[in-house]
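Contents: one structure, followed by commentary.
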Amino acid sequence: MARVYLSVPHIGANEARYVAEAFASNWLSTVGPNLDAFERALEERVGRPVVALGSGTGALHLGLRLLGVGQGDEVLVSDLTFVASVNPIRYLGATPVFVDSDPDTWMMSPVLLEEALRDRARRRRPPRAVVVVHLYGQCADMDPILEACGSFGVPVLEDAAEALGATYRGRPAGSLGDVGVFSFNGNKIITTTGGGALVADRARVDRARFWSTQARDPGVAYHHTEIGYNYRLSNVLAGIGRGQLEVLDERVRQRRAVAFRYRDAFADLDGISFMPQAPYGLHTNWLSCFLIDEEPFGASRDDVLRALAALDVEARPLWKPMHLQPLYAGCDRYGGDIAADLFERGLCLPSSSSLPREVQDLVIETVRAVSRSVTRNEATLASVVPERTVTTAGNLGAFGCSTREPLI
C-alpha cells in the first residue's frame, strides 16, 4: 500500500484555472489579479483587512513587530504549540514566557494567563504581547483571555495557523485579537502550497504589506528608510488559494466527518478519548486528535504509533511543549504539567479531507487491534487479522493504492 500521510492537500475544481490565468496573463510575481482577489475573499471571510504572505511564520514575525515587540521584551505564548509560534519572538530579540494549557480545551489556560500577567506586573516586567495559539482547529477561550490582557494593557496576537474556518462565539478565528495570522502550508485545511496571511486593522495591514515587500519607500528610486522583508505571496500561489478558499466550508465538513467517525468507532474502547470540543465555537478538527490512557487501553500511545507505522500509515504525537524543547528549556513558564501530559498521551491520526473510507477503516481496525480493552470476541483481531483490500481512486494525492496486507 502506498504511504498514508497525516494531512495532504485536497484540490478543488478551480485552482488550476486560476493558476493558468496567472500564466496566461504573465502575472507571476508578488502582484496581480489572483493576489487581489484572494485577499478580498479572505477579508470577506474573516471580516478584517488582509495581507497575503509567503508563510504563516512570516505573518507571525510581522504581527509581533506591529505590536512593538523588540529587543529585551518578553512575550507570553502558549506552551503547547509548534515551534513556529515561538521562533519569531526570538527573531526580534525578545524572550518567550510559556503558559500551560487548559485541560478542558488543550488551549492556553485563561486562569494561568491572568496569573502570569499579575506576576509580571508585580515584578514590573509587563509582557509586550501575548500570543494565543488556536490548536488543531479549535479556538482558545478568548473572552477571558482578552479581558485579562485588556486589564493589563497587553495586546493579543492570535496564532490561527491551524484554525482557519473555526469560530469563537460566532466570530471567525483570527478576528478577535489585535492581530491574527493564518498558515496555508501544504498540510493545512486549505493550502497555497506554502503561504500565510496577516489580518488586523487597515493601518496595521498597510504597514505589514509595506514591510513584506522590502519596505521600499514611495517613488521611482529604490529608497529605503526601514528594514523590510521578502514576505509577499506570489500571484501564482494566490490562484491556488482562491480556489481553495471557495471549498473551505466543504473541507471543514469533511475533516469533521473523519474525526467523528474515529470518535464513534472507538466509543466502546476504554482508555482512548477524543479531543475536547469546546462548547463556545466550531472546531474544524483539522487533525483528529485523541489521548491514550495506557492501563485501561491496554497499550501505550507509542504502541499505536508503531502499529500504524508498520503499515506505512503516518500518525503523530501532539506537539511537544516548548518548555521541553532544548532550544527553549531555560525560559520562564507558568505550569507545564498539562502540556507535558498531553504530549505524552496525545495521538494525531490521518485526517485528510480526501481520506478514503477504506483507509480510515484500516486505521480504525489497527487501533482497535492494538487495544486490549476490546471484548473477547473482538480481541481475535489482535492475533488473527484478516487480510484486507484497500483500493482508492480519484483526487486522493498520496492515498492512491491497491494492495492486500494484514492490518498489523
Side-chain angles (χ1 to χ4, degrees), residues 1-11 136-137 186-187 189 250-275 284-294 296-318 345-408:
M1 184 179 75
R3 179 164 175 78
V4 176
Y5 290 96
L6 186 70
S7 180
V8 301
H10 188 179
I11 300 301
Y136 300 116
N187 65 352
I189 199 161
E250 181 182 0
R251 298 296 178 258
V252 169
R253 287 192 294 271
Q254 290 165 327
R255 296 266 177 168
R256 284 169 59 83
V258 169
F260 295 150
R261 189 159 181 259
Y262 284 135
R263 177 201 63 186
D264 294 345
F266 303 145
D268 64 322
L269 299 182
D270 294 328
I272 182 168
S273 56
F274 190 41
M275 181 179 178
T284 69
N285 297 100
W286 166 58
L287 293 184
S288 298
C289 302
F290 293 83
L291 293 181
I292 301 292
D293 292 320
E294 183 171 353
F297 186 72
S300 70
R301 185 275 312 275
D302 290 347
D303 290 332
V304 177
L305 291 175
R306 281 189 288 268
L308 291 168
L311 293 174
D312 215 9
V313 173
E314 183 182 28
R316 295 282 185 92
L318 299 185
R345 297 189 292 131
L347 172 70
C348 303
L349 295 176
S351 307
S352 302
S353 51
S354 58
L355 189 69
R357 190 177 181 88
E358 53 266 38
V359 175
Q360 195 174 6
D361 287 341
L362 175 66
V363 174
I364 289 168
E365 293 170 15
T366 303
V367 173
R368 294 187 64 86
V370 172
S371 171
R372 292 193 295 276
S373 70
V374 295
T375 67
R376 182 171 298 277
N377 288 337
E378 292 173 315
T380 55
L381 279 170
S383 56
V384 183
V385 181
E387 288 189 334
R388 176 181 187 82
T389 301
V390 178
T391 305
T392 66
N395 180 23
L396 302 177
F399 295 129
C401 56
S402 179
T403 187
R404 294 180 65 83
E405 289 197 27
L407 294 180
I408 63 171

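For the numbers below, each heavy atom of this structure counts, side chains included, while hydrogens, waters and symmetry mates do not. All values derive from a computational prediction rather than experimental measurement.
- Salt-bridge formation is not detected for the pair Asp361/Arg368: no Lys NZ or Arg NE/NH1/NH2 atom is positioned less than 4.0 Å from an Asp or Glu carboxylate oxygen.
- A donor-acceptor contact shorter than 3.5 Å links the side chain of Ser352 to the backbone of Val8.
- Residues Val313 and Thr366 fail the side-chain proximity criterion, which asks for heavy atoms closer than 4.5 Å.
- Listed here is the closest heavy atom pair of Thr284 and Arg256: O-CG, 3.5 Å.
- A 4.5 Å side-chain heavy-atom check between Leu308 and Val4 finds every atom pair outside the cut-off.
- The backbone N or O of Ser288 lies less than 3.5 Å from a partner atom in the side chain of Ser351, making a donor-acceptor pair.
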query: Given the rule in the side-chain hydrogen bond (donor to acceptor under 3.5 Å, both in side chains) test, do Arg357 and Gln360 qualify, once you have shown the distances and angles that lead to the verdict?
result: CA-CA 5 Å; Arg357 190 177 181 88; Gln360 195 174 6; over 6 Å; no

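- Distance alone, capped at 3.5 Å, places no donor-acceptor pair between the Arg316 side chain and the Cys348 backbone.
- One distance of note links OG of Ser273 with CD1 of Ile292; it measures 7.5 Å at 0.5 Å rounding.
- A heavy-atom distance below 4.5 Å is found between the side chains of Arg261 and Ile364.
- Atoms CG and CZ, on Leu291 and Arg345 in that order, are 4.5 Å from each other to the nearest 0.5 Å.
- Counting only residues at least two apart or in different chains, salt bridge (charged side-chain N to carboxylate O under 4.0 Å, His left out) contacts with residues 299-310 comprise Asp303-Arg306.
- Residue Asp293 holds its CG atom at 12.5 Å from CG of Leu269, rounded to the nearest 0.5 Å.
- Between Ser353 and Glu250, the closest side-chain pair of non-hydrogen atoms is not below 4.5 Å.
- The side-chain heavy atoms of Pro350 and Tyr262, taken from C-beta on, include a pair separated by under 4.5 Å.
- Atom CZ in Phe297 sits 5.0 Å away from atom CD1 in Ile272 (nearest 0.5 Å).
- A distance of 9.5 Å separates CD1 of Ile11 from OG of Ser354, quoted to the nearest 0.5 Å.
- The ring-ring contact (aromatic ring centres under 6.0 Å, His included) check on Phe290 picks up Phe266, Phe274, with sequence neighbours excluded.
- Considering only heavy atoms from C-beta on, Tyr5 stays 4.5 Å or farther from Asn187 through its side chain.
- Rounded to the nearest 0.5 angstrom, His10 NE2 and Ile189 CD1 are separated by 11.5 Å.
- In this view, Arg263 satisfies the salt bridge (charged side-chain N to carboxylate O under 4.0 Å, His left out) rule with no residue, not counting sequence neighbours.
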